[in-house]
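Note that this is a predicted model, so its numbers are computed, not measured. Start at 1 and go down the list; that is how both ligands and their atoms are numbered.
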Amino acid sequence: MTVPVLPTARLGTDGPFVGVQGLGCMGMSDFYGPTDRPEALATLDAALEAGVTLFDTADAYGFGRNEELIGPFVRANRDRMVLATKFAVERKEDDPSYRGIRNDPAYIRAAVDASLRRLGVDEIDLYYMHRRDPAVPLADSVGTMAELVRAGKVRRLGLSEVTGAELREAYAIHPIAALQSEWSVFARDVERTAVPAAAELGVAFVPYSPLGRGFLTGAFQAAEQLAADDVRRTQPRFTGANAAANAELLAPLREIATDRGVTLAQVALAWVHQRAEVHGLTVVPIPGTRKRSRLAENTAAATLRLTAEELARLEPVAGEVAGDRYPDMRFTQVGRE
Ligand SMILES: NC(=O)c1ccc[n+]([C@@H]2O[C@H](COP(=O)([O-])OP(=O)(O)OC[C@H]3O[C@@H](n4cnc5c(N)ncnc54)[C@H](OP(=O)(O)O)[C@@H]3O)[C@@H](O)[C@H]2O)c1
């Protein structure tokens, strides 16, 4: 099958051009149940063939194993792809639900070296602060990240789940190429301050979980059917009465998908691309998949155009979603806005 090559978009004002959709690699090692490792590795190659060039991981995914998993692929294709990884989320293997947030300079310096070692590369193209610890001034955290740029360990900087004010403050310390936060038909809090600030500064927006962690694809049935260690079993939108109520909200996506002869996932991804046009900024969503079979479907969505009437039908959905997007919203920028 010939897969049309993706259009490209620029990460930040002087950053690299990447395929306008990236690939989230997290699920290949963590959070969403068992993975077929050979299929996951084949998905990386297939993504590159389809024009996907931004590959997203983090030191926290699989306790470092996600970086190790994609390392050989990264090294084999170093000049053809853009490598993004992250620090700041501290985890404990003997307590999988534990999450700490670390932004202190000593932690950052150790984290980058550990990521470089696991990935087996000399330089990270895009290094994100995964979460903000408000107790650490941005002058210290972003200032330390800027040191990593000067040391040649990192090419460009990114942030995740920060407010518009935090993005502006960070940008004044060092240019920020990308802001990665959750943005989808189901999750639009970023449109309040983060998206306008990114648009104003010329920061590319990298929407994570653009498929609502799979909910927007229509494939989710019930939390009880997920693997015992699937993190969605603990997420408010996927559990109890919220899950049933949220499933009802898929009706307009389903209708549009049927009318247009596309899938729900494609409608959800097309929405993110077109919503960015409204705000006047570059977006590079990173849908996560471990399967080659999803790639053509997901990349085709980047050029699907929804009509104004279809977009209007999707407009009220986010406001009706039951449950927060995380069990503890202090883990996001929302509490600091
Ligand atoms: N910065 C942050 O704090 C943060 C947080 C979460 C995620 N992320 C990043 O964002 C990436 C994407 O987010 P995500 O993985 O949480 O959620 P997502 O992209 O919204 O959804 C991923 C889920 O959808 C399924 N899926 C993908 N394409 C599909 C299709 N066409 N049809 C049906 N199901 C499909 C995947 O299953 P299969 O794998 O089985 O296809 C997976 O279960 C992650 O991989 C990670 O790199 C960042």
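At a 3.5 angstrom cut-off on N or O pairs, T289 counts as close to ligand 1. The N/O atoms of G27, backbone and side chain alike, include none that comes under 3.5 Å of an N/O atom in ligand 1.
The shell of residues lying under 4.0 angstrom from ligand 1, judged by heavy atoms, includes G212. Under a 4.0 angstrom heavy-atom cut-off, R232 registers as being in contact with ligand 1. At a 4.0 Å cut-off, not a single heavy atom of E182 sits close enough to ligand 1 to count as contact. For R294, the heavy-atom gap to ligand 1 drops under 4.0 angstrom. Under a 4.0 Å heavy-atom criterion, Y61 is in contact with ligand 1.
For atom 21 (O) of ligand 1, the closest heavy atom belonging to the protein is G214 N, 3.3 Å. Atom 20 (O) of ligand 1 has L211 N, 2.7 Å as its closest protein atom, hydrogens excluded (heavy atom only). Ranking protein heavy atoms by distance to atom 2 (C) of ligand 1, first place goes to Y208 CE2, 3.2 Å. The protein heavy-atom contact nearest to atom 12 (C) of ligand 1 is I286 O, 3.0 Å.
Side chain of R233 to backbone of A227: a donor-acceptor contact under 3.5 angstrom is found. Although no hydrogens or angles enter the test, the distance criterion places no donor-acceptor pair under 3.5 Å between the side chain of D133 and the main chain of N103. Under a 3.5 Å cut-off, the side chain of R102 and the backbone N or O of V89 do not form any donor-acceptor pair. Between the side chain of D56 and the backbone N or O of G24 there is no donor-acceptor pair closer than 3.5 Å.
When Y32, Y326, F186 are checked for heavy-atom proximity to atom 16 (O) of ligand 1, Y32 turns out nearest.
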